[in-house]
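Written below as structure tokens is the structure these notes are about.
Bear in mind the structure is a predicted one, so any value in this text is a computation, not a measurement. Residue numbers start from 1 in every chain, and the chains themselves are labelled A, B, ... in the order their sequence lines are given, proteins ahead of strands.
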Amino acid sequence: MDYTFNAIEAKWRQLWQERNTYLVTEDPNKPKYYVLDMFPYPSGAGLHVGHPLGYIASDIYARYKRLQGFNVLHPMGYDSFGLPAEQYAIQTGQHPAITTKENIARYREQLDLMGFSFDWSREVRTSEPSYYKWTQWIFKQLFNAYYDSSANKAKNISKLIAQFEQEGNIYVTAIHDCEQQFDAATWKGFSAVQKEEILQQYRMAYLAESWVNWCPALGTVLANDEIVNGVSERGGHPVEQKRMMQWSMRIKAYSERLLEGLDRIDWSDALKEQQRNWIGKSKGASVHFEVKDSQLQIEVFTTRPDTIFGVSFMVLAPEHPFVGEICTDAQRSAVEAYQQQAALKTERDRQADVKNISGAFTGAYAVHPFTGHEIPIWIGDYVLASYGTGAVMAVPCGDQRDYDFAKHFGLPIPNIFADIDIDEAAYAEKDAIIANSDFLNGLDVKAASEKVIAAIENKGIGQGKTNYRLRDAVFSRQRYWGEPFPVYYQDGLPQLVDDEMLPITLPEVDAYLPTADGEPPLARASKEAWSCQLGERMEYNTMPGWAGSSWYFLRYMDPHNDAAFADPAKLAYWKQVDLYIGGSEHATGHLLYARFWTKVLFDLGYLEFDEPFAKLINQGMILGKSAIAYIGPDQKMYSLEMLPEQKEGFREVRILIDLLNDDDSIQLDALKAWQPQYANQEFVTNAAGKVIVKREVDKMSKRWYNVVTPDDLCQKFGADTLRMYEMFLGPLEQSKPWDTKGITGVHGFLKKYWRLFHLGGHFEVTDQEPRPEALKTLHKTIKKLTDDLDRFSFNTGVSSFMICVNELTDQKCNNRYILEQLTILMAPYAPHICEEIWSQLRPGTSSIFDASYPVFDARYLQEANFDYPVSFNGKMRFKVNLDLALSLAEVEQEVLSKPEAQKWLEGKTPKKVIVVHGKIVNIVL
RNA sequence: GCGGAUGUGGUGAAAUUGGUAGACACGCCAGACUUAGGAUCUGGUGCCGAGAGGUGUGCGGGUUCGAGUCCCUCCAUCCGCACCA
């Protein structure tokens, strides 16, 4: 009987659906386990073999936990708002909702083919009003929250308002941008507009004018994590700095908690390090320098307060607000010229131009707080306006950038390090002893820092301070296909829409483009198009892509709830995600924002946990193997062996990998039919009359013509084969090139497994007592598989099945008990074939996934003898089979008495003999 | 520059606490059955060597009876950050 995988897989996909096999509900009698995949953005291209890699791993793990008796939540959905659908809409006029729906249908079809155990009744789509209603609701909670830094948590803004009414903001400990101080009476005297302007400076979600990354090509602002190497992540368009009124999220308030939380979660070091890097904590001091002949004080942040006596000048960012004021008339034209020059440069240019030292003297002087010396104030674009205070105290002997600046402009470089030569370069190591520094002389860095911070605090000119690189996240986008804000404007001030009016649905517009006067697309909507129209106007911005994905894992717990984002009882049952699998490209975007929102919801009392993802695994990328052909100056396509030494005048072209034979030769007729430019292509073939291409590893992508889709492979080999093969390729976290050739090995294995049940040409198993050798094989496999899954080593799991089936085949084993146990073990990897076999083994039972996972019993592996490998000086020479009951001395004696031992001893007496029981014998000569 | 990860056959890889390096597959070679094979089965396959044997986990050193595994130096590749004061 043949293994008819197509029929078997189709049958079980349908039966699982009919029987609701994967439907899951809260069950207090079972321990819960939550396995989550990063939900996909449904692009038009569909899935290639790289996409399901993580889904397969999580599916195996989810099924494994289920067989172990856990109540497993394993949902899937779509991150369906986003730029590609909108860009497509702009080009074609087709509503992005339609494109999105079509793409989702295609994704679903492909996902279904792979036989995943998702509970589809829990599907979410971030672009559905029933979902984004709650994204809007969460936004409202953020708007109505502020961060109390003494309680170290977010609180409802009403508490802050109450405090303002009691005592103003003088004693308020909150994270804010408010520079104004007021007492209760002043607060009460403020108009509603003034009050709201103040409150905006405290809210967790706030409207403020700030420097943003403006991308003209996309017509929207972008968050820092959406910019890669100075250009937009999507489309690679240039980005410029622009000051704009935008919604922001006060994520900076959570810097320390986001950092601290990393110690409590099981993520890879690489990922945690990326987040730590992004948050960028640095400890030091904030110091105020007085400006000579001025009331102004320049605040600087330094990580090396111990070097304060090495300060010989100050540098401000060209955009620093004081520059105009302190600048002397004599220097004004030079300073303004420099400011202009700096403003013209894009962020990217400034970064690329590190080697080019530039700056201008303002003519003003600051006063050194300890020496009283006058120190010149310069501006230079190596100082960033957006980091720290936008000003630095320059210590040329200890900082290379300051050193280079000083050398370039002939500024003094005082040396404050004992016995350190700074003739060639600054000394930035933190192991020096401080000298020429008054009361800091002779101290090391740590002691000097502590002492000087105390002195600074004493003088009232500063304090010890921790600085973070993390910036507040811009939360509005000038685009159409995103969540509308639950916000309208009254007297020019943002007001929240009442909960009863949610969701504010996305209004229809006549075009997905900005208006003539530059307003976002939503400004095109007519009054009637809005689900509600309040105040002077609705908010025209939409939320960024990360809004919906910051909390979707919560919605899966209760996806149809219309009264809350999720029922508290359900949230309490499912809690954190136990296992999250997804790509590492979300390290500083989605994963940081999701942690942030979780912490806010935790602080506000909606959640019982403050970290969303207890364990996270980044799956590696599956790379494609492109096919590269060479076209010579004569316009002929050359086979790889026919290329001359000098490839001058030759160009490389990538051709569709579907046009290749197994030996990397091109199917010439297919190539001619593929693209018109090859219709009359001539070739320089090799001796065998073939044109061989070069294979090169690239990202798997349509543009390299190297995409392999799961659909064809499912058709040809079956989903079970594809699932196992993807796991077999190597460790989940590692990137690896796809090679379809190897799939036959896994397919052959499944056939071999199938054959165990069909030794006599039909399905047949015996009910006899299993033989010891079969029990040994089985339990060895149980142990290996359990260990492998517990450490997420899916590739070695597949190998273990192969070894097991090979051994059982050799044993001619068709014992019911053994094969049944093996089938349960394998079911998470190859659900269709195992369910089919199970239905034959146990006709009438529900599903193999209601069985219990086999339990390892060490008894079956016990052996009386062991094949001791015998080494001489660490090199294995031969083996001796000995009784494990022998003492170490007896083993030594037995081994030395063997003729092989005599040969290797060459008549010498061993210096030492090491016997490790049940492991090894090593003889030292 | 800083940080992280990874270097093992022709290829994907395994070796979980220091104990037989290369399991399991692909590919390749030889053979069997076949009209045929992208089917199935058997044997072989790190490298050098006819063999005995030697040698071998990026390079060089160290610790150890014993190192792919631990320590030090260096090299290469990939990823992230990058004037962060």
Which nucleotide in the set G19(B), C26(B), A5(B) lies at the smallest distance from any side-chain heavy atom of I914(A)?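 Looking only at side-chain atoms, I914(A) lies closest to G19(B).
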Counting heavy atoms from C-beta on, name the nucleotide in G38(B), G27(B), U20(B) closest to the side chain of M876(A).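 So the side chain of M876(A) is nearest to U20(B).
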Euclidean distance for [atom1], [N] against [M] (whole angstrom):
| N | M | atom1 | answer |
| --- | --- | --- | --- |
| G66(B) | A15(B) | C1' | 16 Å |
| U64(B) | G53(B) | C1' | 27 Å |
| A39(B) | U20(B) | P | 36 Å |
| C79(B) | G61(B) | C1' | 30 Å |
| U63(B) | U69(B) | P | 15 Å |
| A23(B) | A30(B) | C1' | 24 Å |
| C84(B) | U77(B) | P | 25 Å |

Between U40(B) and K751(A), counting only base atoms on the nucleotide and side-chain atoms on the residue, is there a donor-acceptor pair under 3.5 Å?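 Under the 3.5 Å cut-off, the side chain and the base do not form any donor-acceptor pair.
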So for N922(A) and C65(B), does any side-chain atom that can act as donor or acceptor lie under 3.5 Å from a complementary atom in the base?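 Yes, the side chain and the base share a sub-3.5 Å donor-acceptor pair.
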For W904(A) together with F878(A), are the ring centres under 6.0 Å from each other?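 Not close enough - the centres of the two rings lie 6.0 Å or further apart.
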Phosphate-side-chain proximity, [X] and [N], N/O vs OP1/OP2 below 4.0 Å:
| X | N | result |
| --- | --- | --- |
| T588(A) | C81(B) | no |
| R877(A) | G53(B) | no |
| K912(A) | U64(B) | no |
| R401(A) | C84(B) | yes |
| N618(A) | A5(B) | no |

Parallel, tilted or perpendicular: which describes the rings of F792(A) and F794(A), with under 30° parallel and over 60° perpendicular?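 Correct class here is tilted.
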For a quick check of understanding: with a heavy-atom distance under 4.0 Å over all strands, which category does [X] fall into, base, sugar-phosphate or nothing?
| X | result |
| --- | --- |
| N806(A) | sugar-phosphate |
| V916(A) | base |
| I803(A) | sugar-phosphate |
| R695(A) | nothing |

So, are D664(A) and K625(A) salt-bridged, with charged N and O less than 4.0 Å apart?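 Looking at D664(A) and K625(A), the cut-off is not met.
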Whether each nucleotide of nucleotides 10-15 of chain B has a protein heavy atom under 4.0 Å at its base (B), only at its sugar-phosphate (S) or at neither (-) is summarised, 5' to 3', as --BSSS
G9(B): syn or anti, with syn meaning chi within 90° of zero?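 That one's syn.
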For F856(A), does the six-membered ring have the charged nitrogen or CZ of K783(A) within the cation-pi criterion, i.e. under 6.0 angstrom from the centroid and within 45° of the normal?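 Yes, K783(A) and F856(A) form such a contact.
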